[in-house]
Number of protein chains: 2
Amino acid sequence: MAATMADVARIAGVSKKTVSNFFNGYPYMRDETRQRIEAAIEQLNYKVNISARNLSSGRTGSIGLAVPELAHPYFAELSQAVVSAAQRRGLNVLVEVTDGKRTRELDVLNGTGGRSVDGIIFEPIALSPDDIRDATTAIPLILIGDRVHEGRFDFVAVANEAGAHDATAHLLSSGRRRIVALGMEDSEEPTAAAGRYRGYLRALEEAGVRCDPRLLVGPIPWNRTAGADAVARLIDEGVEFDAVFGLNDALALGAMSQLQRRGLGVPQDVAVVGFDNVDEGRFSSPALTTIESGREWIAQKAVELLAQRLASPEESMGTTLLMAGHRLVERDSV
Amino acid sequence: MAATMADVARIAGVSKKTVSNFFNGYPYMRDETRQRIEAAIEQLNYKVNISARNLSSGRTGSIGLAVPELAHPYFAELSQAVVSAAQRRGLNVLVEVTDGKRTRELDVLNGTGGRSVDGIIFEPIALSPDDIRDATTAIPLILIGDRVHEGRFDFVAVANEAGAHDATAHLLSSGRRRIVALGMEDSEEPTAAAGRYRGYLRALEEAGVRCDPRLLVGPIPWNRTAGADAVARLIDEGVEFDAVFGLNDALALGAMSQLQRRGLGVPQDVAVVGFDNVDEGRFSSPALTTIESGREWIAQKAVELLAQRLASPEESMGTTLLMAGHRLVERDSV
DNA sequence: GTGAAAGCGCTAACAT
DNA sequence: ATGTTAGCGCTTTCAC
């Protein structure tokens with residue numbers, strides 16, 4: 001049987017409470033007491049039983065992070081940032097992968113999985129605003145990312161429309177006129193694809209460029225393969241274009257790979273811009289021009305907001321909506 | 001106040017035990033009882049208190065995954081695989097990022113962080129075999145990845161030497177003779193860098209090719225930036241080479257990016273091979289030839305081994321050492 | 001099939 | 001600065 005706090009107390013000749021104090025950094029303690037406790041801990045190789053602490057204190061010291069996918073560079077980098085920020089605050093992170101499936105996302109929202117965390121940071125991609133409104137979660141929840149779900153929960157958002165506008169405007173200002181909107185979605189739903197598509201349209205409009213429907217590609221999955229396949233299809237169908245705006249970097253990178261495979265020069269024949277500024281884009285050939293969407297900041301703010309919620313005893317303070325800044329990162333693909 | 005099991009029991013007109021049975025899938029229960037319980041749960045929006053269950057049952061239902069980094073494609077893909085495999089078995093995954101720092105890795109090993117998991121899957125990169133031998137962890141631990149730490153713990157290993165041998169042999173068979181070993185480490189320590197370097201040497205030897213020390217680059221961090229910088233340095237110093245073996249894909253991709261920036265054709269002027277088969281390499285230009293190192297299989301086996309340890313009540317069954325298979329994935333960079 | 005009672009190992013008041 | 005006393009909300013014998 002593993003040693004308990006009572007064992008340590010007995011061996012050190014103090015009470016349980018004093019041992020508890022020791023572990024919780026209670027400052028007032030004689031050095032000699034401290035040393036006796038340390039010796040007892042060492043002797044027994046004692047480890048605090050976290051489950052007991054959790055039950056007793058009503059907290060777990062862990063937060064959940066629910067993302068569609070972990071292998072995707074954007075989410076990998078986001079998760080890294082969240083985990084780091086959490087560790088800095090002494091919080092553990094339980095990662096849940098939803099695969100972007102609505103049912104799994106609903107489980108996250110409603111705690112069906114049996115929560116073992118104090119709060120959740122959650123990037124949904126399949127839920128509707130209604131789903132979110134009807135959430136029954138019992139613990140604090142911070143939404144991040146792509147959709148704007150006004151109201152019930154704190155939210156840290158990506159500047160989808162503004163960023164997409166700038167990306168498109170950059171292509172236009174370099175003289176491109178036939179710009180593929182790769183991964184778009186024409187919808188009223190507050191999805192990333194729809195928001196970024198709106199930004200694209202607005203930039204075209206401002207420049208007085210007509211939007212050719214053959215250049216609108218989507219909805220498709222936002223990964224490299226889909227980007228590459230879509231571009232292959234455009235080429236095969238003889239659609240003419242002089243630029244590709246990949247609504248995320250994965251699409252843009254997949255597109256670029258396919259363009260080059262087909263003998264098209266980037267950026268000479270076709271310019272490419274992405275969105276997200278994942279590390280990978282710095283090392284593609286050519287390096288990918290993209291929109292920095294504030295991943296790091298988002299992760300940090302989300303953890304900060306959640307930590308606040310956990311700290312303040314239940315109370316109101318309304319809900320916070322934060323919008324990340326964005327910035328064009330010019331590299332060689334335009 | 002949140003509802004407790006006692007509340008549910010009272011409202012359903014049964015005992016706590018019966019409600020507990022309900023949640024634990026105990027099969028013998030009248031349908032009518034079951035329905036009354038379900039109604040009470042619904043009415044109270046009751047959620048089982050995981051902390052209490054954990055304390056009572058002595059298990060947490062979570063496993064830890066400790067990796068150096070999450071944003072790195074290899075670890076992102078590995079983590080994804082581990083999380084998926086664990087979720088399939090109903091286990092949650094608590095991710096810990098060690099930054100490859102020895103002290104953080106020691107914390108993982110010795111449970112200093114206060115464990116809230118039943119077992120750990122751990123890829124150390126900074127620990128010595130001695131550190132591992134002296135581990136005081138109280139819970140099952142499965143080691144994965146790069147070093148061979150025979151003895152104390154179950155281990156799932158990458159075929160570093162064999163894989164590196166095949167990668168190098170492939171370059172040699174394509175007629176290359178001056179092959180950079182990018183990221184190598186000449187050491188007796190059982191590190192990935194040393195193992196892969198040994199494979200490289202063996203392949204050269206078998207082909208009767210002399211090893212030029214100017215082509216040995218390392219130790220350097222195994223990321224894209226380091227790969228790119230190292231290649232830049234070689235070029236600037238006028239070192240001649242006709243191939244690069246990046247000891248992982250990140251190094252190879254960084255190298256390839258830099259080669260092309262300097263106007264060198266891949267594979268015409270310089271052939272490139274990597275190691276790991278991360279998804280990114282399928283979409284670089286040219287696509288990266290690499291060694292598939294069995295990431296998925298490793299993740300699955302690690303979870304499986306850990307699940308076994310958790311299931312079987314403490315007993316012996318020695319320790320298991322599994323070696324993943326490997327395979328050359330030919331693409332366009334050679 | 002269901003109930004009663006005894007902990008699991010800790011934290012948190014409160015007392016000293 | 002340290003000790004005492006109650007629980008936290010479940011699971012788990014063991015009865016019925």
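Convention: sequence-line order gives letters A, B, ...; per-chain numbering from 1.
Taking for each of A/Arg59 and B/Met29 the nucleotide of DNA chain C with the nearest heavy atom, the 5'-most of the two is the partner of B/Met29. Comparing A/Lys16 and A/Arg34 against DNA chain D, the residue whose closest nucleotide sits nearer the 5' end is A/Arg34.
Test B/Arg30, B/Gln35, B/Arg36 against B/Glu32 for side chain to side chain donor-acceptor pair (under 3.5 Å) and you get one pass: B/Arg36. Screening B/Ile132, B/Val108, B/Thr98 against B/Pro124 for a side chain to side chain contact (heavy atoms under 4.5 Å, CB included) leaves a single residue, B/Ile132.
In terms of phosphate contacts, B/Thr33 brings a side-chain nitrogen or oxygen within less than 4.0 Å of OP1 or OP2 of C/dT2. Of the side-chain N and O atoms in B/Asn21, none sit less than 4.0 angstrom from OP1 or OP2 of C/dG1. In this structure, B/Arg30 does not reach the C/dG1 phosphate: none of its side-chain N or O atoms is under 4.0 Å from OP1 or OP2. In this structure, A/Thr18 reaches the D/dG3 phosphate: one of its side-chain N or O atoms is under 4.0 Å from OP1 or OP2. Between D/dC8 and A/Asn54, no contact under 4.0 Å exists linking OP1 or OP2 to a side-chain N or O. Distances shorter than 4.0 Å separate some side-chain N or O of A/Tyr46 from OP1 or OP2 on C/dC10. In terms of phosphate contacts, B/Ser57 brings no side-chain nitrogen or oxygen within less than 4.0 Å of OP1 or OP2 of C/dC8.
Between A/Leu55 atom CG and C/dG7 atom P the separation is 17 Å, expressed in whole Å. Atom CZ in B/Phe23 sits roughly 15 Å away from atom P in D/dG9 (whole-Å rounding). Taking atom NZ of residue B/Lys17 and atom C1' of nucleotide C/dA6, one finds them 14 Å apart after rounding to whole Å. We find that CZ of B/Arg53 is positioned 18 Å from C1' of C/dG7, with the value rounded to whole Å. B/Asp118 places its CG atom 19 Å from the P atom of C/dC8, with the value rounded to the nearest Å. Atom CD of A/Gln35 is separated from atom P of D/dA1 by 16 Å (rounded to the nearest Å). Rounded to a whole Å, the CG atom of A/Asn24 is 15 Å from the P atom of D/dT2. Atom CZ in B/Phe22 sits roughly 18 Å away from atom P in D/dT12 (whole-Å rounding).
Nearest to the side chain of A/Met5, among C/dC10, D/dT4, D/dT12, sits C/dC10. Closest to the side chain of B/Ser15, from the set C/dG3, D/dT11, C/dT11, is C/dG3. Nearest nucleotide to the side chain of B/Asn49, out of D/dA1, D/dC10, C/dT2: D/dC10. Here C/dC10 is the nucleotide among D/dC10, C/dC10, D/dT2 with the atom lying nearest to any side-chain atom of A/Val48. In the set C/dT11, D/dG3, D/dA1, D/dG3 carries the atom at the smallest distance from any side-chain atom of A/Val14. Picking from C/dG9, D/dT11, C/dT11 the nucleotide with the shortest atom distance to the side chain of A/Thr4 gives C/dG9.
One N or O on the side chain of A/Glu77 and one on the backbone of A/Asp279 form a donor-acceptor pair closer than 3.5 Å.
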**OP:** Mind running side-chain hydrogen bond (donor to acceptor under 3.5 Å, both in side chains) on B/Gln87 and A/Arg104 for me, showing each step along the way?
**Re:** CA-CA 11 Å; B/Gln87 285 184 349; A/Arg104 308 272 290 279; 2.9 Å; yes
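Remark: the A/Asp107 side chain and the A/Thr103 side chain contain no N/O donor-acceptor pair separated by less than 3.5 Å.
Closest non-hydrogen pair, A/Ala9 versus A/Ser15, comes out as CB-C, 3.6 Å.
Residue-to-nucleotide contacts include a donor-acceptor pair under 3.5 Å from the side chain of B/Ser56 to the base of C/dG7.
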